[in-house]
Amino acid sequence: MEPAAHQAPGGEGMRGIAALSLPARIFVAIAVAVVTVGIAFHVAMVFLQTAPENTISKRHGELVDSYVYPEFERNWKLFAPNPLQQNVAVHARATVAKDGSTETTGWVDLSAMDGAAIHGNPAPSHTQQNELRRAWEFYVDNHDEKGKPVGLRGALSEQYIKRIVMLRFGPELNGGSVERIQVRSAVTPVAPPDWSDERTEVKTRYTVQPWWHVTSADLPGGGK
Amino acid sequence: MTDQGRYMGVHGLRVRIERCVSRGLTRVTAQALGPYQTAIVRIGFGAAWFFFLLREWPHRQELYGPDSPWSWGLAERLIETNDAFSVLMWSSSDNWFQLVYVVALAAAAAVLLGWHTRAATVLFMVGVLSLQNRSVFMGDGGDNVIHLMSMYLVFTRCAQVWSLDARRAARALRRREAAADHPEELRAAQPGTDAETSAGERSVGERSVGASSVGASSNGELSNGDLPAGEVAGAAARAGGSTGDEAGPRPAGAASGSGPAPGAGARPAGTDAGVGGVVLWTVFGAVLLGSTVAGGFTVGWALFYWGLWAVHGMWWSVQRAAARGGAAVRELRDVCDILANLVHNGVLLVIMIEVCLVYSTAGWFKIQGTRWQDGTAVYYPMNLDYFTPWPDLSHLLAANGVMVFLVTYGTVATQVAFPFTLLNRRAKNVLLAFMIAEHVSIAVLLGLPFFSLAMIAADAVFLPTVFLMWLGRSTAALGGRAGGLLPGRGRRVPLPEPEPAAEVPKVSV
């Protein structure tokens with residue numbers, strides 16, 4: 001292994017820093033120092049962002065965040081500390097205006113439609129596997145328990161959900177035009193394995209969100 | 001006596017440390033380490049992103065188009081708060097989006113094939129960041145890894161082997177050697193490059209011009225990539241009478257391109273690219289100028305792109321100048337080469353650390369989870385509707401409590417242990433095989449093929465050189481056999497193998 005380091009490939013002989021003039025060597029030395037410090041800094045920042053909150057990351061949190069976000073973020077812990085143990089489905093329904101009267105549709109299980117698209121699909125699309133699932137996570141993270149949006153992200157997530165629902169419903173439903181929509185989440189715990197003696201009640205919990213008026217901005221084509 | 005002995009001991013230690021440091025410095029400056037490892041990482045991520053974009057082609061509007069549910073307006077409001085980089089935010093027009101998507105696809109293909117790699121990796125990164133930052137909530141862990149690696153790849157010499165760049169460089173070298181030995185024959189075979197070839201024969205300095213034009217002519221052969229292989233083999237055979245080292249007066253300037261070994265022959269490939277490279281560079285310059293004037297970049301990104309552009313231009317001209325210039329400019333070229341190696345090696349280290357971080361943090365977080373402790377964790381994802389493309393298979397596997405327990409514990413143990421096994425080659429390889437196998441099963445069972453491909457590509461940075469070379473040989477042999485089966489094609493010589501392993505620089509794997 002050692003000769004490889006001393007002898008550049010191709011019979012070139014040593015072509016390292018030793019052959020350089022003094023100014024060039026000084027320049028290379030500075031470059032080595034800069035690169036070393038740069039790498040150490042980068043690794044430290046990335047490490048502090050990933051590690052649990054600790055003494056150092058508390059003290060330098062702002063520096064870490066300003067360096068790491070948005071491009072060096074590492075944001076997945078899909079199965080940690082615990083894997084998701086419940087199926088989260090998003091249902092939606094609408095009131096449609098038809099011949100001067102309005103009627104309310106039944107609940108449509110949008111996640112089940114995603115699930116159907118994923119079944120038997122070796123390479124599910126992000127539109128099926130991530131779009132609604134992650135949008136709903138985004139929504140829940142930025143709303144309080146009463147379903148009130150928190151900050152800008154709350155507002156953005158709400159419109160995002162509306163636009164996903166309207167993309168899937170379309171402006172016309174059951175022969176009428178959609179005026180308002182409502183979504184709810186249906187959370188069902190995964191039943192404990194047969195081979196465990198654990199007993200969990202497998203019961204779906206619904207969380208219903210307020211009715212939202214549909215505006216042209218929520219329809220496909222109104223997004224710009 | 002004892003004093004002297006102590007003095008000798010201290011002195012000996014000092015000498016040893018000095019020798020160690022200088023050896024280390026030589027190692028990280030004289031060559032871009034891990035040519036096969038960085039190449040497989042490049043190919044892996046290029047493939048992951050290329051096939052992902054291809055798979056999402058029918059869904060591209062819904063994912064990243066101006067009228068996606070995560071609309072252009074929503075993205076604009078979010079990006080105002082976090083300054084993420086996306087050229088898609090320059091315009092909400094549909095044509096612009098389509099163009100960006102196609103260019104991202106092309107850049108991924110170029111990275112995959114190693115075509116003008118140093119430029120292609122930059123474009124690849126722009127494509128990845130632009131599309132992903134445009135719709136952050138569409139992505140998953142796989143996108144995140146691709147995002148990180150697309151930035152790291154920009155700084156690596158990842159096309160030293162298994163790339164069109166490397167092939168072009170090797171071919172140019174053979175031409176140069178053939179020209180030195182049998183100028184008439186080559187002239188007869190290649191009337192197109194006649195002038196340059198004889199120029200190469202005439203004067204040492206101008207030979208690099210000949211090489212450039214050969215490079216340019218090979219650009220046109222991109223679409224039928226393996227067609228000229230026979231021709232190359234022929235040229236090589238013609239030149240075969242001479243050993244590389246005796247092939248006439250070697251242009252001192254082409255030092256970095258001297259010798260067919262992968263470590264050296266392909267080194268300047270990205271920049272020794274002749275007309276194709278110049279055209280690309282000019283086009284990039286024009287695009288950069290336009291977008292800077294139009295205010296498309298923040299100061300930081302403008303500096304970054306202009307810096308890269310200047311560096312690429314400088315490297316090209318320094319190489320040219322060094323081919324005919326004096327000692328000073330040759331030294332400048334050597335310094336540039338050293339810097340590029342240094343950056344490559346540093347970023348390679350970052351990639352390795354990043355992979356270790358991914359696993360160790362994943363492992364540490366899991367250890368804190370009750371489900372990973374009681375050995376049932378793996379059961380749950382197999383019962384999530386979003387991650388069960390094959391429910392029957394998943395349920396079958398999840399039905400065996402002991403197996404679920406073993407996989408659960410095995411996963412945590414592997415992930416936590418992985419960084420430490422790097423100290424032992426054999427242990428590392430065993431765990432690596434285990435992790436790659438696990439990602440393959442995740443690809444199938446959880447329906448996450450692109451995530452898995454990205455993770456395997458990241459793991460591949462730790463694959464042993466011997467294995468990678470074997471992989472390369474088998475692939476080439478397979479390719480040769482497949483090529484022989486195509487209609488209208490006789491048996492042809494498989495791609496010439498890059499030179500022996502002895503000179504391949506190794507990462508500590």
Side-chain angles (χ1 to χ4, degrees), chain A residues 1 4-5 8-12 15-17 20-21 24 27-28 31-32 35 39 42-43 47 50 69-70 74-85 87 115 118-121 123-127 129-131 133-135 138 156 159-160 163-164 167 190 193 195-196 220-221 223-224, chain B residues 25-27 29-31 55-56 59 62-63 66-67 69-74 77-78 82 84 92 137-138 140-141 144 245 255 258-259 261 263-264 331 335 338-339 342-343 346 350 353 357 361-362 365-366 368-371 376-377 379-381 383-386 389 401 447 449 503 505-506:
Chain A
M1 212 186 277
E12 178 69 21
R15 209 165 48 78
I17 27 182
L20 298 177
S21 67
F27 184 74
V28 169
V32 170
V35 170
I39 286 170
H42 178 80
V43 168
F47 173 78
T50 334
Y69 293 100
R74 276 227 10 243
N75 62 6
W76 82 97
K77 293 179 209 156
L78 190 54
F79 303 129
N82 271 327
L84 191 62
Q85 294 160 60
N87 278 303
I118 291 168
H119 271 204
N121 189 342
S125 165
H126 276 16
T127 54
Q129 205 166 28
N130 293 350
E131 184 181 279
R133 181 177 66 85
R134 287 213 55 207
F138 178 44
L156 295 181
Q159 208 195 344
Y160 187 28
R163 286 180 55 85
I164 292 176
L167 177 69
V190 170
W195 33 265
S196 94
K224 298 173 194 176
Chain B
L25 274 179
T26 310
R27 210 170 144 72
T29 53
Q31 46 190 256
R55 190 265 168 271
E56 298 292 7
H59 303 281
E62 190 175 339
L63 288 174
D67 202 30
W70 183 251
S71 66
W72 193 88
L74 287 173
R77 285 162 71 192
L78 184 71
N82 68 7
S92 62
F137 302 109
M138 296 291 185
D140 54 31
N144 198 189
D245 282 6
S258 65
E331 179 168 86
V335 169
I338 283 174
L339 292 186
L342 188 64
V343 170
V350 169
I353 294 176
L357 267 182
T361 51
F365 281 120
K366 282 188 178 104
Q368 302 164 29
T370 49
R371 290 303 181 195
T376 61
Y379 164 84
Y380 291 95
N383 284 279
L384 294 179
D385 296 337
Y386 271 102
E503 296 178 68
K506 279 184 188 147

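Convention: sequence-line order gives letters A, B, ...; per-chain numbering from 1. Quick caveat, the model's predicted, so the values are computed rather than measured.
The main-chain N or O of N130(A) is never found under 3.5 Å from a side-chain atom of R134(A) such that the two would form a donor-acceptor pair.
Counting heavy-atom pairs under 4.5 Å between each of H59(B), Q368(B), R77(B) and chain A puts H59(B) at the top. Listed options N82(B), L384(B), N383(B) were ranked by heavy-atom pairs under 4.5 angstrom with chain A; first place goes to L384(B). Residue with the most contacts toward chain B among A24(A), G120(A), G115(A): G120(A) (heavy-atom pairs, distance under 4.5 Å). Note: P69(B) leads P69(B), A362(B), A84(B), G447(B) in heavy-atom pairs under 4.5 Å with chain A.
With a threshold of 4.5 angstrom between heavy atoms, L156(A) approaches chain B through its backbone and through its side chain. Of the atoms belonging to L339(B), it is side-chain heavy atoms, and not backbone ones, that fall under 4.5 Å from chain A. For E56(B), the part lying under 4.5 angstrom from a heavy atom of chain A is the side chain only. Only the side chain of H42(A) comes within less than 4.5 Å of a heavy atom of chain B; its backbone N, CA, C and O stay farther away. When heavy atoms are compared at a cutoff of 4.5 Å, F138(A) approaches chain B solely by way of its side chain, counted from C-beta outward. The parts of T370(B) that come within reach of chain A are both its backbone and its side chain, each placing non-hydrogen atoms under 4.5 angstrom from that chain. Only the side chain of R55(B) has a heavy atom closer than 4.5 Å to any heavy atom of chain A. In this structure, chain A has a heavy atom under 4.5 Å from the side chain of Y379(B), while its backbone stays farther away. If you measure heavy-atom distances from I353(B) to chain A, the contacts under 4.5 Å come from the side chain alone. Within the 4.5 angstrom heavy-atom criterion, atoms from both the backbone and the side chain of V32(A) approach chain B.
E131(A) and T127(A) get closest at one heavy-atom pair: CB-O, 3.3 Å. Nearest approach of I39(A) to G346(B), heavy atoms of both residues: CD1-CA, 3.0 Å. In terms of heavy atoms, P83(A) sits closest to A377(B) at CG-O, 3.5 Å.
Using a 4.5 Å heavy-atom cutoff, the side chains of I164(A) and E62(B) are not in contact. Side-chain contact between L78(B) and Y160(A) is absent, with no heavy atoms from C-beta onward closer than 4.5 Å. Using a 4.5 Å heavy-atom cutoff, the side chains of Y380(B) and P193(A) are in contact. The shortest distance between side-chain heavy atoms of I338(B) and L20(A) falls below 4.5 Å.
Residues satisfying the side-chain hydrogen bond (donor to acceptor under 3.5 Å, both in side chains) criterion with E331(B), sequence neighbours excluded, are S21(A).
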